[in-house]
S.K.: 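Below is the structure I would like to discuss, written out as structure tokens.
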Amino acid sequence: MLPLSLSILFAFSAVSIAQDTNVGEVRRAFTAAHVSETINFPFDPKVLLQVTYPQTDDARPITLQAGVHLPRNATLRLPIFNVVGSRSKGPFVVAAVDPDTPTPQEPTLAQVRHFLGGNFYMGSHTRPTLLSNSTPAISHYREPRPQAGSDPHRYIFLLFDQPSGFDEQSARLVQNDDDTSTANWNVSAFAAAAGLGQPVGGTFMFVAPDPTT
Ligand SMILES: *[C@@H]1O[C@H](CO)[C@@H](O)[C@H](O)[C@H]1NC(C)=O
Ligand SMILES: *[C@@H]1O[C@H](CO)[C@@H](O)[C@H](O)[C@H]1NC(C)=O
């Protein structure tokens with residue numbers, strides 16, 4: 001028998017969503033979901049990218065564990081980003097894509113760009129791992145919107161070290177940020193063209209279409 005206080009602790013931890021604690025777990029989740037093959041990137045993370053969704057009302061924010069399934073309505077607001085284990089304080093680039101549009105089986109519109117931002121720096125001494133950006137996002141956050149009848153889509157977040165000259169390069173490479181121009185994007189081609197190299201961290205989630213009524 002566990003002491004009562006411990007049982008209560010376990011009961012609470014069972015209902016909250018777990019969080020990744022090391023890059024090995026994240027790498028394994030990427031491999032299990034074939035993320036690297038899909039987005040044409042080797043994935044060898046050096047740091048943990050924590051993506052946290054604020055919730056409405058009094059619900060606690062949800063931090064992704066790589067490969068977690070989330071209800072769509074938990075992913076509507078712009079997430080906040082933390083980086084754990086980095087020697088660099090920035091700048092970083094964060095990108096998010098859906099490689100499964102309209103369906104994972106026939107992703108003819110993929111990838112869809114769901115976020116792209118640069119000039120992210122690690123935070124102050126009170127919140128040392130929190131990223132904040134000193135310039136507006138290049139491509140504002142778009143909530144997941146998998147079409148009815150589709151299997152769940154993967155939504156992949158990637159963190160890159162930002163090279164000098166990125167602002168000019170990204171302005172040249174991403175000229176529009178409307179709904180049509182975010183489809184048929186290619187994050188690895190973008191990364192190559194913008195000199196980003198390979199991601200230093202990342203995570204992903206699955207989101208299913210809203211249940212039809
Ligand atoms: C999401 O929808 C479910 C089912 O309708 C509901 O129980 C839950 O409270 C909603 N969550 C949020 C964050 O709105
Ligand atoms: C994306 O670009 C890479 C080159 O960086 C290429 O190998 C791959 O086929 C492209 N993917 C799609 C879906 O066009």
Side-chain angles (χ1 to χ4, degrees), residues 23 26-47 49 51 64 66-69 72 75 79 81 83 88 90-120 137-209:
V23 293
V26 178
R27 191 188 303 110
R28 282 191 291 280
F30 269 65
T31 304
H34 308 287
V35 175
S36 294
E37 298 98 290
T38 309
I39 60 171
N40 309 103
F41 263 131
F43 186 66
D44 187 16
K46 313 289 181 223
V47 302
L49 173 65
V51 175
L64 303 191
V68 68
H69 285 253
R72 206 182 77 81
T75 63
F81 305 112
V83 173
S88 159
F92 298 104
V93 173
V94 177
V97 293
D98 169 1
D100 295 325
T101 299
T103 65
Q105 289 78 11
E106 255 180 279
T108 50
L109 295 173
Q111 299 150 13
V112 175
R113 188 170 70 238
H114 279 260
F115 182 78
L116 179 64
N119 299 304
F120 278 98
I138 300 158
S139 207
H140 69 268
Y141 177 70
R142 283 181 171 70
E143 66 194 54
R145 222 180 257 275
Q147 70 175 31
S150 170
D151 284 341
H153 293 194
R154 293 165 291 180
Y155 294 86
I156 304 159
F157 293 85
L158 299 170
L159 179 78
F160 299 89
D161 286 321
Q162 179 175 319
S164 61
F166 175 77
D167 293 337
E168 296 74 31
Q169 287 284 50
S170 59
R172 188 172 58 76
L173 293 165
V174 179
Q175 275 136 7
N176 293 302
D177 188 30
D178 56 42
D179 282 334
T180 48
S181 69
T182 57
N184 292 120
W185 200 49
N186 184 329
V187 68
S188 67
F190 171 79
L196 293 180
Q198 289 168 14
V200 294
T203 190
F204 70 102
M205 62 182 175
F206 286 95
V207 178

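Small disclaimer: the values here were computed from a predicted structure and weren't measured. When a ligand or atom number is given, it counts from 1 through the structure's own listing order.
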S.K.: Using the salt bridge (Lys or Arg N to Asp or Glu O under 4.0 Å) rule, collect all pairs that involve residues 188-206, keeping only residues at least two apart or in two chains.
M.R.: none
S.K.: Applying side-chain contact (heavy atoms from CB on, under 4.5 Å), can you list everything that pairs with Glu106, at least two apart in sequence or on another chain?
M.R.: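 By the side-chain contact (heavy atoms from CB on, under 4.5 Å) rule, Glu106 matches Thr103.
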S.K.: What pairs of residues pass the salt bridge (Lys or Arg N to Asp or Glu O under 4.0 Å) test when at least one of them lies in residues 149-163, not counting sequence neighbours?
M.R.: Asp100-Arg154
S.K.: Please check this pair: side chain of His114 against backbone of Arg142, looking for a donor-acceptor N/O pair closer than 3.5 Å.
M.R.: yes
S.K.: Within the protein, flag every N or O under 3.5 Å from an N or O of ligand 2, and note the pair and distance.
M.R.:
unit_1, atom_1, unit_2, atom_2, d
ligand 2, 2 (O), Asn186, OD1, 3.2
ligand 2, 2 (O), Asn186, ND2, 2.4
ligand 2, 5 (O), Ser188, OG, 3.3
ligand 2, 11 (N), Asn186, ND2, 2.9
ligand 2, 14 (O), Asn186, ND2, 3.4

S.K.: Before we go on, tell me: are the rings of Phe43 and Phe204 under 6.0 Å apart, centre to centre?
M.R.: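 Aromatic pair excluded; centres sit 6.0 Å or further apart.
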S.K.: Is there a side-chain contact (heavy atoms from CB on, under 4.5 Å) between Tyr155 and Thr75 once you walk through the steps?
M.R.: CA-CA 10 Å; Tyr155 294 86; Thr75 63; over 6 Å; no
